[in-house]
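Have a look at the structure below before the remarks.
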Amino acid sequence: MKKIVCLMLSLLLAFALLPIAGVSAEEALTGEISVQAEEDWMDYYKAAIDRVLEANPDAKINLIEMGSFEHLDTIDNTDAGNPDVADLFAIPADRIYGLTDSDVLGAIDAEKLVEKIGGWKDFEAFNEGIGGNFKIDDEYFAFPFNIETLIVFINAANAKAHDINIDKPIELTEVKDPATVLLPAFDAWYGVALTNSAEIELLGREKEDDAEDYTFFSDLSSDWSDLPEEKQAFFTALYDYWKLNFDANTTLFDPEAGWGYIDDSFTSGEAGVYRLGGPWDAGSISEKAKDGDDLVIKPITDITVNGKPLLHWKGGWGLAINSRIEDDEDKVALAEALIAELVNPEYAADLFNATGKILENVPAETYEKSDDLKDIDKEVIKAVISSYQDAPARPLFNEWGRVWDTYKNAILSWNSVKPESAEAAYAELQASFVAMMETLEAEH
């Protein structure tokens, strides 16, 4: 009898030690890592770290207070082994290829994180969003930290004073006063919102299955006569917008004075009504519109060119791990645990308040219902999410960096060349892009 009782007790104890169905039996994490955070992010990061360490008391996470671009400069000037470079840090999506080429980034288990964090329909949906931008070959070298794209800021008081109806999209080709739409089209960051609307490829690349290298192409290397009518119409609209400002002697197409002109014109009591900006601009732009009292925020599609809405890019940032820890399972596991907590949808409002970052896997309705966000922040988030959904993917390959100055210098050349027609203006763009393409072809 005693043997039977002992056997039963042993079985009960064995079953008690088994993990309950559906509940992970993960062991507490150990190891020590460092993480980069900007000054304004510190409190949010500390709270996330505390939550991780509460569940993993034998682990250690050290904060390095440093601006993201300063941190990237440190990487560029040294290497991943520098102790001033964190084990976990934030990167803009457009740096992913350069940093992997330099062996700075370690691979992460994105599929495991997606399952743990939630919010995406499935892993395919994750790949269709910014998550796919961080995939190179079969590995992921960052995890989505936020989404970003340009949106439209409207000064409603100025609109009313100049009898402009902001309840419907404004068509750029119908604008008579150059201050109505303040669009720094000479800067490719804003200019692509125009070119994307007309499906113009400033620089693309393709590779045949059996090819060793990519071939590059650009719509702007085509002759004017070879452009489809809709693309000719686009460049005509761009030229007319420049001419409108040139004839009015504004400084919009001046790389130095243009930004001040935009701020001054958008100030309540002036003529500026529409301008583009990112969620990071909301604070400074609000100041020009009576601290937000005169401000209305809408998706980027509220400005059209030839009837087609402006479209920016699916941009954003990622959280990446240092390649020096990728062979240390404890450190990688700890870094991934912190990533999961930093982008935990439960704290999406806190993340936005601390960093201005918007999570891809949190719907606008969730932000709208939050009691921890200001009304203007909710408008910004809603506009960003709406604008992001229709935006094309941002080109991330390193060679695209050639476009910035090529485009800018060509557009600004109009100020001195003074082209008399859209076709003549386009010829300046074409010459610059043909030279860029010849350089790329020579290198590849």
Side-chain angles (χ1 to χ4, degrees), residues 26 29 31 33-38 41 44-45 47-49 51-52 56 59 61 63-64 68 71-72 75 80 85-100 103-148 314-348 350-352 354-362 388 393-394 396:
E26 294 180 359
L29 301 175
I33 62 169
S34 58
V35 55
Q36 167 266 331
E38 298 194 1
W41 306 356
Y44 179 81
Y45 268 62
I49 289 170
R51 293 193 295 270
V52 172
N56 305 281
I61 302 176
L63 267 171
I64 298 176
S68 298
H71 188 261
L72 289 167
I75 293 173
V85 175
D87 296 316
L88 175 62
F89 49 90
I91 63 168
D94 65 317
R95 291 297 303 269
I96 191 73
Y97 281 90
L99 290 171
T100 51
D103 295 323
V104 173
L105 306 181
I108 61 174
D109 191 339
E111 190 165 6
K112 182 183 74 175
L113 284 170
V114 166
E115 184 177 351
K116 180 176 182 179
I117 296 166
W120 287 276
K121 180 182 177 182
D122 49 34
F123 197 56
E124 181 179 352
F126 171 82
N127 278 307
E128 290 173 352
I130 193 173
N133 289 337
F134 298 127
K135 182 182 181 181
I136 299 178
D137 296 327
D138 293 325
E139 294 185 301
Y140 295 83
F141 290 94
F143 194 84
F145 193 18
N146 79 313
I147 59 170
E148 59 186 34
K314 280 183 167 70
W317 286 64
L319 291 166
I321 65 171
N322 194 316
S323 58
R324 70 182 174 215
I325 72 167
E326 66 179 341
D327 292 329
D328 189 320
E329 293 183 2
D330 291 336
K331 290 186 176 183
V332 170
L334 186 58
E336 290 180 344
L338 182 54
I339 289 173
E341 203 55 52
L342 288 172
V343 297
N344 186 336
E346 184 178 346
Y347 301 97
D350 293 339
L351 175 66
F352 181 86
T355 68
K357 298 193 178 297
I358 301 166
L359 295 177
E360 183 180 45
N361 54 325
V362 174
Y388 182 87
R394 180 177 180 176
L396 299 177

*Full working for side chain to side chain contact (heavy atoms under 4.5 Å, CB included) between F123 and E115*: CA-CA 8 Å; F123 197 56; E115 184 177 351; over 6 Å; no
*Would you please test N133 and I96 for side chain to side chain contact (heavy atoms under 4.5 Å, CB included) and show each step?*
CA-CA 8 Å; N133 289 337; I96 191 73; 5.9 Å; no
_Restricting to side chain to side chain donor-acceptor pair (under 3.5 Å), what partner residues turn up for N127, sequence neighbours left out?_
Y140
*What's the spacing between L334 CG and L88 CG if we round to 0.5 Å?*
9.0 Å
*Looking at residues at least two apart in the chain, or sitting in another chain, which of them share a side chain to side chain donor-acceptor pair (under 3.5 Å) with D87?*
S34, R324
*Those residues that, when tested against E341, pass side chain to side chain donor-acceptor pair (under 3.5 Å) (two or more places apart)*: R51, N344
_Just to verify, what does D94 make a salt bridge (charged side-chain N to carboxylate O under 4.0 Å, His left out) with, not counting sequence neighbours?_
R394
*Sequence neighbours left out, what passes ring pair (Phe, Tyr, Trp, His ring centres under 6.0 Å) with W120? Give chain and number order.*
F126, F143
*Answer yes or no: are there more than 12 heavy-atom neighbours, outside D122 itself, under 6.0 Å from its atom CG?*
yes
_Using the side-chain contact (heavy atoms from CB on, under 4.5 Å) criterion, which residues pair with E329? Sequence neighbours excluded._
none
_With rounding to the nearest 0.5 angstrom, report the NZ to CH2 distance, K357 to W41._
4.5 Å
*With sequence neighbours left out, what residues match K135 under side chain to side chain donor-acceptor pair (under 3.5 Å)?*
none
*What heavy-atom pair brings A337 and V52 nearest, and what distance separates the two atoms?*
O-CG2, 3.9 Å
_side chain to side chain contact (heavy atoms under 4.5 Å, CB included) evaluation trace for V35 with I49_ = CA-CA 10 Å; V35 55; I49 289 170; 4.0 Å; yes
*Atom pair CZ (F141) and CD1 (I136), whose distance is rounded to the nearest 0.5 Å*: 6.0 Å
*What closest approach, in Å, do P345 and V362 show between heavy atoms, and which atom pair accounts for it?*
CB-CG2, 3.7 Å
*Side-chain donor/acceptor of S68 to backbone N/O of A90, under 3.5 Å*: no
_Test item: L63 and Y45 side chains (from C-beta on) under 4.5 Å apart, heavy atoms_ = yes
_F145 CZ to I358 CD1 distance, which is reported to the nearest 0.5 Å_ = 12.5 Å
*List in chain and number order the residues that pass ring pair (Phe, Tyr, Trp, His ring centres under 6.0 Å) with Y97, two or more places apart in sequence or in another chain; answer none if no residue qualifies.*
none
_Going by the rule side-chain contact (heavy atoms from CB on, under 4.5 Å), which residues pair with A333 if we only count those two or more places apart in sequence or in a different chain?_
L29
*What pairs with A340 under side-chain contact (heavy atoms from CB on, under 4.5 Å), at least two apart in sequence or on another chain?*
L113, K116, I117
*Give me the one residue out of L319, L359, I130, V343 that meets side chain to side chain contact (heavy atoms under 4.5 Å, CB included) with P144.*
I130
*Roughly how far apart are L338 CG and I61 CD1, rounded to 0.5 Å?*
4.5 Å
*Is a side-chain donor or acceptor of D109 paired with a backbone partner of K112 at a separation under 3.5 angstrom?*
yes
*Measuring from N322:CG to D103:CG, what's the distance to the nearest 0.5 Å?*
11.0 Å
*Output all residues satisfying ring pair (Phe, Tyr, Trp, His ring centres under 6.0 Å) with F89, sequence neighbours left out; order by chain, then residue number.*
H71
_side-chain contact (heavy atoms from CB on, under 4.5 Å) against K331, all qualifying residues, sequence neighbours excluded_ = I33, I325, D328
